[in-house]
Structures are given as structure tokens and as C-alpha cells.
Colleague: 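Just dropping this structure here.
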Amino acid sequence: MTTTTIIAIDGPAAAGKGSLAKRLAAELGFDYLDTGLIYRAVGMKVLDAGFDPADPARAGEAARDLEPADLQGPDLRTDEAAQAASKVASIPAVRDALLDFQRRFAATPPNGKGAVLDGRDIGTVVCPDAPIKLYVTASAETRAERRLKELQAKGIATTFDLVLAEMKERDERDSSRAVAPLKPADDAHLLDSSTLNADQAFDVAIAFVRAKL
């Protein structure tokens, strides 16, 4: 039984869950952990060492050696890091190494008030007993359009079709993996942001959270 309130937010890439999680944490005075960043850091550690993120031995070693400083890498928001994260996330040894870190943060957040965690399996695996769970999603086309705008804003040249194809490939890999596949928890509140802007999605989410609190 934890003494803090845990809000678990899951969903596919570019559904808006990260921005929503950070905003909820700020609004409520809770601590926020971007769990996807942990996996991105592991994936990039493997890549930077010259190996394949899909290699279980190399990825497992990188996860066990992960340090807080690794989460500050400037390349963790790139598509390369996202693809690497999706690969290492399907490896049991990686998930085992990072699961305890996430659970400790959720149970004992720095400010002691509450924690907001977002990822792929927070409500199903990391914090299955979290009292508040949200599953944030949107159509693949909507998410690809959002990601395309993000990439273009960074000066990265790509096309909608390419981004959409990569989005669908990642969705398939995340949803079909044997370990902790991407799926909503049975008791998660579904928030489809396909037709909502960031403010509208936040309004829906904070109303749900306050009702649960």
C-alpha cells in the first residue's frame, strides 16, 4: 500500500500523453517521470557503443548500468532514439532492470505528494494498483501528422507517408511484443485525443483525475 497517489498514463507514440502527464503533474504538484526516456537512454547507450539495441545481452547490460546522468542526453528525443527504445523495451532483461527504478519513484516520489508516470505499460505492469489510470490514444494518421510537425519544427526533412509507416511499424511492435505489450489496463479511462487539442485533452483528463481524487 503506497502512501502517495499514483497516476498511470499509457498510450502509443505521439498521442500526447507526455505533454499531458507533465501538465497534470504541474497542476497537482506531483512529481513526473517520463518512463519512455529511460528506455530511450538504454537504447542510445547500446547504439553509442556500436551495437544493435535488439541484442538482449548488450541491452540488458546497458539497462543495469543506467545512471541518472544518462537521462540528460541531447539525442534522446530523436526518432533514432524512439526506434531504439522500442527495440530494447521488448527485451525481458531490460524491463526487469528498469522496473524496480520506476516502482521506487512511484512509491516514494521526491516531494512525497504524488507521482505521474507515462509510458506503455504503467497501468498494466509497473503500477497495476495505481488508483488513477489513463490510456491516451489517437488515430495513427493524427499521430503521424503531429510527429511530422514536430520533426519539421526541428528542421528534420521527412514525409507524412514515411512518418506514418514508421508509426504503424512501432505500434505493431509495441502491441505484439511478448513482454508487457502496449494495451489499456482493464480499469483505465480511455481518452481519444484525435479531435482534441492539448487544452481540450487536459480539461478532460484533469476533470477525470479530480473526480477520482
Colleague: Does a donor on one side chain sit under 3.5 Å from an acceptor on the other, for Asp192 and Ser194?
Modeller: yes
Colleague: Between the side chains of Asp199 and Arg23, is the shortest nitrogen-to-carboxylate-oxygen separation below 4.0 Å, so that they form an ion pair?
Modeller: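 Salt bridge: yes.
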Colleague: How far does CD1 of Ile91 sit from OH of Tyr39, to the nearest 0.5 angstrom?
Modeller: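 One gets 11.0 Å once the value is rounded to the nearest 0.5 Å.
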Colleague: Got a donor-acceptor contact below 3.5 angstrom from the Thr78 side chain to the Ala81 backbone?
Modeller: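 Confirmed, Thr78 side chain pairs with Ala81 backbone.
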Colleague: Roughly how far apart are Lys149 NZ and Phe160 CZ, rounded to 0.5 Å?
Modeller: 11.0 Å
Colleague: Identify whether Leu33 and Ile122 are in the same connected component of the hydrophobic contact network (ILVMFWY, side-chain heavy atoms under 4.5 Å).
Modeller: yes
Colleague: For Gly123 versus Ala185, what's the shortest heavy-atom pair and its separation?
Modeller: O-CB, 3.8 Å
Colleague: Does a donor on one side chain and an acceptor on the other come within less than 3.5 Å for Arg40 and Thr35?
Modeller: no
Colleague: To the closest 0.5 Å, what do you measure between NZ (Lys212) and CZ (Arg210)?
Modeller: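 That separation rounds to 15.5 Å.
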Colleague: Taking Lys17 for the side chain and Pro12 for the main chain, is one N or O donor matched with an acceptor at less than 3.5 Å?
Modeller: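 The answer is yes, because a donor-acceptor pair under 3.5 Å joins these two groups.
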Colleague: If hydrophobic clusters are built by linking Ile, Leu, Val, Met, Phe, Trp and Tyr wherever their side-chain heavy atoms come under 4.5 Å apart, do Val125 and Ile9 end up in the same one?
Modeller: no
Colleague: For the residue pair Ala138 and Arg146, what are the closest heavy atoms and their distance?
Modeller: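 Looking at all heavy atoms of both residues, the closest pair is CB-NH1, 3.9 Å.
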Colleague: Taking the side chain from Gln200 and the backbone from Asn197, do they hold a donor-acceptor pair closer than 3.5 Å?
Modeller: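 Yes.
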Colleague: Determine whether more than 12 heavy atoms belonging to other residues, nucleotides or ligands lie under 6.0 Å from atom CG of Asp186.
Modeller: no
Colleague: Please name the pair of heavy atoms, one in Phe30 and one in Ala115, separated by the smallest distance, quoted to 0.1 Å.
Modeller: CD2-N, 3.8 Å
Colleague: Taking the side chain as C-beta and beyond, is there a heavy-atom pair between Leu134 and Leu24 under 4.5 Å?
Modeller: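 Heavy-atom side-chain distance check passes, below 4.5 Å.
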Colleague: For the backbone of Glu67 and the side chain of Asp70, can you confirm whether one donor and one acceptor N or O come within less than 3.5 Å of each other?
Modeller: yes
Colleague: Carefully, step by step, assess Lys133 and Asp187 under the rule salt bridge (Lys or Arg N to Asp or Glu O under 4.0 Å).
Modeller: CA-CA 7 Å; Lys133 299 177 185 175; Asp187 55 345; 3.0 Å; yes
Colleague: Are Ile38 and Gln102 packed together at the side-chain level, in the sense that at least one heavy-atom pair is separated by less than 4.5 angstrom?
Modeller: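 Contact flag for Ile38/Gln102 side chains = yes.
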Colleague: Quick one: do Lys168 and Glu141 satisfy side chain to side chain contact (heavy atoms under 4.5 Å, CB included)? Show the steps, please.
Modeller: CA-CA 9 Å; Lys168 289 182 175 179; Glu141 290 73 20; 4.1 Å; yes
Colleague: Any carboxylate oxygen within less than 4.0 angstrom of a Lys/Arg side-chain nitrogen, looking at Glu61 and Arg64?
Modeller: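 A salt bridge is absent here (no side-chain N lies under 4.0 Å from a carboxylate O).
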Colleague: Measure from the side-chain N and O atoms of Arg58 to the backbone N and O of Pro53, and report whether any donor-acceptor pair falls under 3.5 Å.
Modeller: no
Colleague: As an exercise, state the distance from CG of Asp75 to CE of Met44, rounded to the nearest 0.5 Å.
Modeller: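 It comes to 4.0 Å.
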Colleague: For the residue pair Ala62 and Val46, what are the closest heavy atoms and their distance?
Modeller: CB-CG2, 3.8 Å
Colleague: May I ask whether Leu191 and Leu28 are part of the same hydrophobic cluster, defined by side-chain heavy atoms of I, L, V, M, F, W, Y residues being less than 4.5 angstrom apart, directly or through others?
Modeller: yes
Colleague: Which atom pair, heavy atoms only, marks the closest approach of Arg143 to Ala14?
Modeller: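 So the minimum-distance heavy-atom pair works out to CG-O, 3.3 Å.
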Colleague: Inspect the contact between Lys22 and Asp34 and indicate whether a charged nitrogen and a carboxylate oxygen are less than 4.0 angstrom apart.
Modeller: no
Colleague: If only atom types and distance count, is the side chain of Asp121 paired as donor or acceptor with the main-chain N or O of Ala180 below 3.5 Å?
Modeller: no
Colleague: Does Asp10 offer a backbone N or O that forms a donor-acceptor pair with the side chain of Arg120 under 3.5 Å?
Modeller: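 Looks like no, no N/O pair under 3.5 Å.
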Colleague: What distance separates Asp203 CG from Phe208 CZ, expressed to the nearest 0.5 Å?
Modeller: 15.5 Å
Colleague: Please determine whether side chain to side chain contact (heavy atoms under 4.5 Å, CB included) holds for the pair Asp31 and Val116, giving the CA-CA distance in whole Å, both sets of side-chain angles, and the decisive distance to 0.1 Å.
Modeller: CA-CA 6 Å; Asp31 288 301; Val116 181; over 6 Å; no
Colleague: Would you call Ile6 and Ile132 a side-chain contact if the rule is heavy atoms closer than 4.5 Å?
Modeller: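 Not touching, per the 4.5 Å side-chain cut-off.
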Colleague: If two hydrophobic side chains count as joined below 4.5 Å and joins carry through other members, does Val94 share a cluster with Leu71?
Modeller: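 Yes, Val94 and Leu71 fall within the same hydrophobic cluster.
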Colleague: Would you call Arg177 and Glu172 a salt bridge, taking side-chain N to carboxylate O under 4.0 Å as the test?
Modeller: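 Judged by the 4.0 Å cut-off on N to carboxylate O distance, Arg177 and Glu172 do not form a salt bridge.
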Colleague: Going by atom types alone, do Asp174 and Ser86 pair a side-chain donor with an acceptor below 3.5 Å?
Modeller: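 Short answer, yes.
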Colleague: Taking it one step at a time, do Thr158 and Arg147 satisfy side-chain hydrogen bond (donor to acceptor under 3.5 Å, both in side chains)?
Modeller: CA-CA 10 Å; Thr158 186; Arg147 180 54 54 82; over 6 Å; no
Colleague: Is there a chain of hydrophobic side chains (I, L, V, M, F, W, Y, each step under 4.5 Å between heavy atoms) that links Leu117 to Val209?
Modeller: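 Looking at the clustering, Val209 is in a separate group from Leu117.
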Colleague: Mind checking whether Ser19 and Phe202 have side chains closer than 4.5 Å, heavy atoms only?
Modeller: no
Colleague: Indicate the atoms forming the closest heavy-atom contact of Thr159 with Leu148, along with that distance.
Modeller: C-CD1, 4.0 Å
Colleague: Using a 3.5 Å distance criterion without hydrogens, assess whether the side chain of Arg95 forms a donor-acceptor pair with backbone atoms of Ala89.
Modeller: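 Yes: the side chain of Arg95 pairs with the backbone of Ala89.
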Colleague: Return yes if some donor-acceptor pair links the side-chain N/O of Thr5 with the main-chain N/O of Leu213 below 3.5 Å, else return no.
Modeller: no
Colleague: State whether the side chain of Asp118 and the backbone N or O of Ala21 hold a donor-acceptor pair below 3.5 Å, judged by distance alone.
Modeller: no
Colleague: Report the distance from atom CZ of Arg77 to atom CD of Glu150, rounding to the nearest 0.5 Å.
Modeller: 10.0 Å
